[in-house]
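Worksheet: the structure to be examined is printed underneath.
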2 protein chains.
Amino acid sequence: MARKSTAVDPLRLDNQICFAVYSATHAFNRVYKPLLDRLGLTYPQYLVMLVLWERDDVPVKEIGEKLFLDSGTLTPLLKRLEAAHLVRRTRSREDERQVLIALTPQGHALKEKARSVPQSILAASDCSVSELVAMKDEIVALRDRLNAVIGE
Amino acid sequence: MARKSTAVDPLRLDNQICFAVYSATHAFNRVYKPLLDRLGLTYPQYLVMLVLWERDDVPVKEIGEKLFLDSGTLTPLLKRLEAAHLVRRTRSREDERQVLIALTPQGHALKEKARSVPQSILAASDCSVSELVAMKDEIVALRDRLNAVIGE
DNA sequence: TCACATTTAATTGTTCGCAATTGAATGTGC
DNA sequence: GCACATTCAATTGCGAACAATTAAATGTGA
């Protein structure tokens, strides 16, 4: 039998969890797009705003740690948020290396407009909250194991 | 009680499955990077090669449907694969609008070097195959429900 | 104190990802 | 057969994402 069953072929696209995750990310993005367009945000910008709505006046570094992004991504993104008058960027006075990101009143106010987003996503997921929470926890656990490998 | 429990705050970053998926995608990418560097491929290029290793001489459209990507992404990517002598791009003679993508001998040969990749990912996942398969199936089902909403 | 390493953002260059548009080839309805 | 719509890839422009480098501020050890 030269031919392996496709069900267990490890190089088969449909068998790869990473492609499942990769394509699910894009699917989420496409669902979010029209919702976030109304807020004038892209999805990564929305993530930064979520961080800031939880805690304001945060160094770039800390945003990067929470979102797993580096300054190469965040610096231009934050400049766009600043250009949209949603955040202000100021050097920390205690440590001049740090740039602190603070919400403007408009940035704060946007939170109210964002409140309807999660329930729209929940509806699109067509799934119970408890199922989604369970999946989320599994995926986070997998992500953390992968990230642990990267740090050797 | 003005303050909601953070455990159920729908705008909280840690409660969002989409962020779990988004950050897991990046974690996978970082694990794949050193493995794919040895093949001279990026992750999206690797996905295209997976499609071609399953079936050769495929129109761009079909690759796009399998990977959920459009020509704006695929055209330059395929040109880079062509520049790397892994694929050839030819207009279909039956339908001159279509561009068919075929593996070169080098593109075919690369499959052997790629065989070790999935098991490295499995090891990094630190998880049983059956657990991964179950997660994959759940994520694919969620992705498909999300994609169904997009098409109205 | 002073040389040296570390930390932090910013910058540069390459590659995705997608919306919107273009242009050529094909299909269709009359 | 001919106007019309549709299909398909390519193109353009913008916003991530990240590696690698730079530069400034800070910390550390002798």
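A note on names: the letters A, B, ... follow the listed sequences, proteins ahead of strands, and every chain is numbered from 1.
One hydrophobic cluster, built from ILVMFWY side chains closer than 4.5 Å, holds both A/Met49 and A/Val51.
A distance below 6.0 Å separates the ring centres of B/Tyr32 and B/Tyr46.
Residues meeting the side chain to side chain donor-acceptor pair (under 3.5 Å) test with B/Arg97, sequence neighbours left out: B/Asp95.
With a 4.5 Å cut-off on side-chain heavy atoms, B/Leu52 and B/Leu86 do not count as touching.
The residue among A/Gly72 and B/Glu62 whose nearest nucleotide of DNA chain D is located toward the 5' end is B/Glu62.
Distance B/Asp37 CG to C/dT15 C1': 13 Å, rounded to the nearest Å. Rounded to whole Å, atom P of D/dA17 lies 8 Å from atom CG of A/Asn29. Look at CZ on B/Arg89: it is 17 Å from P on D/dC8, rounded to the nearest Å. Here D/dC14 presents its P atom at 15 Å from CD of A/Gln45, a figure rounded to the nearest Å. Between A/His26 atom NE2 and D/dA16 atom C1' there is a gap of 12 Å when expressed in whole angstrom units. Protein atom NZ of A/Lys61 is 8 Å distant from nucleotide atom P of C/dT7, rounded to whole Å. B/Gln98 has its CD atom 14 Å from the C1' atom of D/dT6, to the nearest Å. For A/Arg91 and D/dA23, the CZ to P distance is 15 Å, given to the nearest whole Å.
When distances are taken from the side chain of A/Pro44 to each of D/dC18, D/dA17, C/dC16, the shortest belongs to D/dA17. Proximity note for B/Leu69 (side chain, C-beta onward) versus D/dA17, C/dC18, D/dA9: the nearest is C/dC18. Residue A/Pro59 places its side chain closer to C/dA9 than to any other of D/dA10, C/dG17, C/dA9. Out of D/dA17, C/dG17, D/dA10, the shortest distance to the side chain of B/Tyr22 is found at D/dA17.
Annotation: the span from A/His26 atom NE2 to B/Leu146 atom CG amounts to 13.5 Å, rounded to 0.5 Å.
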Report, one pair per line, the protein and nucleotides 25-28 of chain C atoms (nitrogen or oxygen only) whose separation is under 3.5 Å.
| unit_1 | atom_1 | unit_2 | atom_2 | d |
| --- | --- | --- | --- | --- |
| C/dT26 | OP1 | B/Glu96 | N | 3.1 |

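Within a 6.0 Å radius of CZ in A/Arg30, more than 12 heavy atoms belonging to other residues, nucleotides or ligands are found.
Residue contacts for A/Thr42: at a heavy-atom cut-off of 4.0 Å it reaches the sugar-phosphate backbone alone, with no base atom in range.
B/Arg88 places no side-chain N or O within donor-acceptor distance of the main-chain N or O of B/Ala102, the cut-off being under 3.5 Å. Distance alone, capped at 3.5 Å, is enough to place a donor-acceptor pair between the A/Gln16 side chain and the A/Pro10 backbone.
Between A/Glu62 and A/Arg55 a salt bridge is recorded (basic side-chain N to carboxylate O distance below 4.0 Å).
In the region residues 74-85 of chain A, proximity to DNA chain D at under 4.0 angstrom, judged on heavy atoms, holds for A/Leu77, A/Arg80.
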